[in-house]
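Take a look at the structure below.
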Amino acid sequence: MKKIIISICVCATMTVFTGCADFFEQESDHVAFAEDYKLDNATDTIYGVIGILNKMQKLADRTILLGEARGDLVDISDNTSADLREVALFSTDDDNVYNNSRDYYAVINNCNYFLANVDTVLVNSRNEQIFKREYAVVKGFRAWTYLQLALNYGSVPFFTTPILTKKEADQKYERKNIQEVCEWLIQDLTPLTTDEYLLRYGDIPMYGTIRNTDSRLFYFPISLMLGELNLWAGHYNEAAQWYYKYITTRNGTNVAYTTGTGKVQWTSSTWDNYYVNNYDVTGERYSLDPRDQGELITMIPADSIPSEGNFSQLRNIFNSYDVTTGEYHQAQLVPSVGLMNLSESQIYCHVEDRDTIYAPNNLENHLTGDLRLPYVWDERQTVYNSQSVTSQTINKYSSRNVHLWRRQMVWLHFAEALNRAGYPRFAYQILARGLSNQVIQEEVIPYYRNDSIYLSTFSFPNERYIVSTPMRLNGENMQGIHSRGSGWAYCNKYYQMPVDTLITDSLQQIQYQIGAVEDMIVNEGALEFAFEGLRFYDLMRVALRRGDPAFLANKVYGRRGEQQRDIVRSLIPVDLNNTNNWFLKWNGQIGIE
C-alpha cells in the first residue's frame, strides 16, 4: 500500500509502507518509509527526519496539557471540554482524545525504522560522514518520545527495532518503567557525545528557515536530553555535568549561555508602574550572539491552517479569543487559586539609591509579589456581540507552534541536579544571584572543601559570566532566576539560603538544606513555567525522589486554596496518594497493571 505524505514544512513526497498491523491497532500507518528502502541520499534522509517530526505533531498539544492540567497551577472552567476535564480530574478513559499511546509508538517505530536504515557510513568528497547529524537527531526524537510515554503511562512495552509485519506486531515486548527507560536511553545516547564528527559539527542539522522559523529549534540537543534522562534516573552528579556541558557548549566553548538579565520589574518604589525588561518567554529566534540569546531551545512546529490536520489548539484552550473562528469564549484552563496565592506570597525586593525597599502586600490586580504571573496572564471584561464577556489572555500562547524546552528550564534543572548531588548552596546561587567563578569561589567552595575536585569541573569565567548588581556594571548577562519576577533576589532578606540554626552537625545541615532548596526550586518552577506543561512532571519527579506521594497529592488538591482542598479531593475519583493513579491506562495494555 502506498500513500503520499505532504510534509508540514516542505512540499515533499515520499513512499510509505503500511504494515499489516500497528503495534496496538490493526491496519494503521506506522512507518513513513518504504519497506527495505535504504536511506542513503540527502533528499530522502532529510525528508525522513521531517516525516518523523510530522508524526510528532500529534504529541504536541497533549504534552503540554497532560503536564499542566493534572498539576496545581491551572483549574478547569465551565467551558472546559469533556476530554480535558477528565485529564484534570484524573479520570480519562480509552476514548479520551489525549489518551492515545498509538501516536507515541508511531513516532518510536518510525525512529526505529530510520535508525535501522539510514546509511551513516557514507562520506562526502572531504571524507566526512554526512548523515551523522540526522542519526543523532532521530535518536533524540526517540529518547524524548519514550520518556514522555513512560512519564504518562508508567510502564510501557519497549522495543528498538522497527515493527513491519503482523507477526512482529503480535509479539510480546518487554515492559520498562520510567527508571528502566531512562537507563537504556542514557546508554544509547552517550556514545553520540564522543562521536568525532558530531563533536566537530554539532548534533543539530541546519536546514535553514522553514516557514519563517529557524529549523534548529526543532530538535532535542543530545547533551541536554542526557541531562533530563539522568535527572529522572536519579544520577544527579551526571545530570549536573550534562546540563553544564550544554550550557558551556551551546554557543561554542568560548561564548557564554547565561540566564540573561530579562525581568518584569517595578519602575520605582511608588509601585504605580511596572515594565518588561527583555523578559522573553515567547520568542522563536535562535541566536548564538551572547548579547541577544534566544530563550527557546526546542519546539514542535504546528500547522497554520486548522484543516491541515495538525493545528495546535493551545491558543484556543488558554485564551478566550478563538483564532479559528474569531469569536470569544471562556478559556478552558485558567490560573488556579494555588498559583495566584504562590505568586502573591513572594516578597518583591526593590533597590533604589542603594536602599532596599519591599513592595507592599496589598496591591491590586494580582500585582502583589512576583510580577511574572500578572505579566503573562491578563483577564478583563470584553464586550462581544453586545454582551460582556470575561476575556483571558495568556501571552505564552500567541504562536501556532508548541514550545517545549527553553533556557531557564536548563538552568533550573541544573540547580535541581546540583542540589540533589549534595550542593544546595551551589543550586541556591542559580536562584538568587547567578553564577560566575567568583560567585562559586565565594559562596560555594568554602562549604564543600572535601568536594573540591568535583566542583572544579564547573567553570563560569568571570569575563564571560557577568553577574548583575543594582550598580549596573557594563556587560551584565547573568542573574538569579528568582530576580526575573521578584526584584533583586540576592539583596532580599526574605530570600536567603536556608539554614536551621538548631542543627549543629554539618551533614545534617546539608540534608536539611537540600530539602529546603528543593522546595524553593519547585516554587520557582511554578513562577517561571506556569501554563507551559512542566508542572505535573516536576511534582512527580520530586515526589518519587522523596518517596512521598503526598507531596504531589497535596499540591494538586490545593488547586483552589486551602479552604477548598476537600472539594477538589472529592472531584477527583482516585486517590492521588497512590502513585498508580498518576498514570494513564489504555486498552488494558498500557500503564500500571
Side-chain angles (χ1 to χ4, degrees), residues 214 216-217 221 223-224 227 240 243-267 275-298 349-351 370-372 375 405-418 425-444 457-492 495 521 524 527-529:
D214 193 314
R216 287 175 292 181
L217 296 172
S223 55
L224 183 49
Y243 290 125
Y244 171 72
K245 180 174 181 179
Y246 178 76
I247 288 168
T248 54
T249 61
R250 190 264 189 186
N251 291 345
T253 55
N254 295 315
V255 181
Y257 188 62
T258 69
T259 58
T261 57
K263 60 180 65 177
V264 188
Q265 63 186 92
W266 287 109
T267 304
Y275 73 103
V276 180
N277 181 9
N278 296 321
Y279 181 76
D280 179 22
V281 292
T282 61
E284 294 183 349
R285 70 184 185 279
Y286 188 101
S287 174
L288 299 178
D289 187 338
R291 298 166 298 180
D292 182 33
Q293 296 175 6
E295 176 71 14
L296 183 62
I297 295 172
T298 301
C349 179
H350 180 74
V351 177
D370 195 276
L371 291 176
R372 281 170 284 191
Y375 168 64
W405 288 353
R406 59 184 178 92
R407 178 170 38 149
Q408 305 307 319
M409 183 204 80
V410 180
W411 279 98
L412 197 62
H413 285 187
F414 181 37
E416 182 180 340
L418 286 170
R425 288 182 178 274
F426 204 164
Y428 168 77
Q429 294 305 322
I430 296 174
L431 299 177
R433 188 175 179 184
L435 293 183
S436 69
N437 282 346
Q438 180 180 348
V439 170
I440 296 172
Q441 192 63 41
E442 294 174 352
E443 305 290 348
V444 180
T457 63
F458 301 99
S459 178
F460 298 92
N462 298 327
E463 66 275 13
R464 293 204 294 270
Y465 292 83
I466 306 173
V467 175
S468 294
T469 72
M471 302 304 294
R472 290 175 172 78
L473 302 174
N474 291 329
E476 294 175 341
N477 59 14
M478 174 68 101
Q479 68 181 353
I481 298 175
H482 195 62
S483 296
R484 286 170 65 81
S486 288
W488 290 100
Y490 83 92
C491 298
N492 191 335
Y495 196 79
I521 291 170
E524 196 61 38
L527 297 169
E528 178 65 32
F529 302 112

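These numbers were taken from a predicted model, which means no experiment stands behind them.
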Inset, instruction - Only counting residues at least two apart or in another chain, list the ones meeting side-chain hydrogen bond (donor to acceptor under 3.5 Å, both in side chains) with Asp214. - result: Arg216
Inset, instruction - Report yes if some heavy atom in the side chain of Ile247 is under 4.5 Å from a heavy atom in the side chain of Val410; otherwise report no. - result: yes
Inset, instruction - Kindly say whether Leu431 contributes a backbone atom to a donor-acceptor pair with the side chain of Glu524 at under 3.5 angstrom? - result: no
Inset, instruction - Taking all non-hydrogen atoms of both residues into account, name the closest pair between Ala240 and Leu418 and its distance. - result: CB-CD2, 3.8 Å
Legend entry - Non-hydrogen side-chain atoms of Arg464 and Val255 separated by less than 4.5 Å: no
Inset, instruction - Determine the minimum heavy-atom distance between Leu435 and Trp411, stating which atoms define it. - result: CD1-CZ3, 3.8 Å
Inset, instruction - Walk me through it: do Gln408 and Phe529 pass the test side chain to side chain contact (heavy atoms under 4.5 Å, CB included)? - result: CA-CA 9 Å; Gln408 305 307 319; Phe529 302 112; 3.8 Å; yes
Legend entry - Student check: side-chain heavy atoms of Thr298 and Pro221 closer than 4.5 Å: yes
Legend entry - Criterion side chain to side chain contact (heavy atoms under 4.5 Å, CB included) on Asn437 and Ser459, from CA distance to verdict: CA-CA 6 Å; Asn437 282 346; Ser459 178; 3.3 Å; yes
Inset, instruction - State, to 0.1 Å, how close Arg372 and Leu527 come at their nearest heavy-atom pair, and which atoms those are. - result: NH2-CB, 3.6 Å
Legend entry - Residues Arg484, Val281; criterion side chain to side chain contact (heavy atoms under 4.5 Å, CB included); working and verdict: CA-CA 11 Å; Arg484 286 170 65 81; Val281 292; 4.2 Å; yes
Inset, instruction - Step through it carefully: locate the ring centre of Phe414, locate the ring centre of Tyr246, and say whether they are under 6.0 Å apart. - result: no
Legend entry - Within-4.5 Å side-chain heavy-atom neighbours: Tyr490 and Tyr428: no
Inset, instruction - Check for a donor-acceptor pair, side chain of Thr248 on one end and backbone N or O of Tyr244 on the other, with a separation under 3.5 Å. - result: yes
Inset, instruction - Establish, yes or no, whether a centroid distance under 6.0 Å links the rings of Tyr275 and Tyr375. - result: no
Legend entry - Distance-minimising heavy-atom pair for Ala432 and Ala489: O-CB, 3.5 Å
Inset, instruction - Under the side-chain hydrogen bond (donor to acceptor under 3.5 Å, both in side chains) rule, collect the residues that match up with Thr259, sequence neighbours excluded. - result: none
Legend entry - Stacked cation flag Arg250 on Tyr286, 6.0 angstrom / 45 deg: yes
Legend entry - Backbone N/O of Thr249 and side chain of Thr253: donor-acceptor pair under 3.5 Å: no
Inset, instruction - Please tell me if the side chains of Glu442 and Arg433 come closer than 4.5 Å, counting only heavy atoms from C-beta onward. - result: yes
Inset, instruction - Find the distance between CG (Asn277) and CD (Gln265) and round it off to the nearest 0.5 Å. - result: 5.0 Å
Inset, instruction - May I ask you to check whether Asn477 and Thr261 show a side-chain donor-acceptor distance below 3.5 Å? - result: no
Legend entry - Minimum heavy-atom distance between Cys491 and Pro470, given as atom pair plus value: SG-CG, 4.0 Å
Legend entry - Gap separating the CH2 atom of Trp266 from the NE2 atom of His350, nearest 0.5 angstrom: 10.5 Å
Inset, instruction - Decide yes or no on side chain to side chain contact (heavy atoms under 4.5 Å, CB included) for Leu217 and Ile297, but give the supporting numbers first. - result: CA-CA 6 Å; Leu217 296 172; Ile297 295 172; 5.9 Å; no
Inset, instruction - Identify the two heavy atoms, one from Ile466 and one from Asn462, that lie closest to each other, and give their separation to 0.1 Å. - result: CG1-O, 3.5 Å
Inset, instruction - Could you check if a side-chain atom of Glu528 sits within less than 4.5 angstrom of a side-chain atom of Arg406, using non-hydrogen atoms only? - result: yes
Legend entry - Contact check, side chains of Ser468 and Trp488, non-hydrogen atoms, under 4.5 Å: yes
Legend entry - Within-4.5 Å side-chain heavy-atom neighbours: Phe460 and Ile440: yes
Legend entry - Side chain Gln479, main chain Gly262, donor-acceptor under 3.5 Å: yes
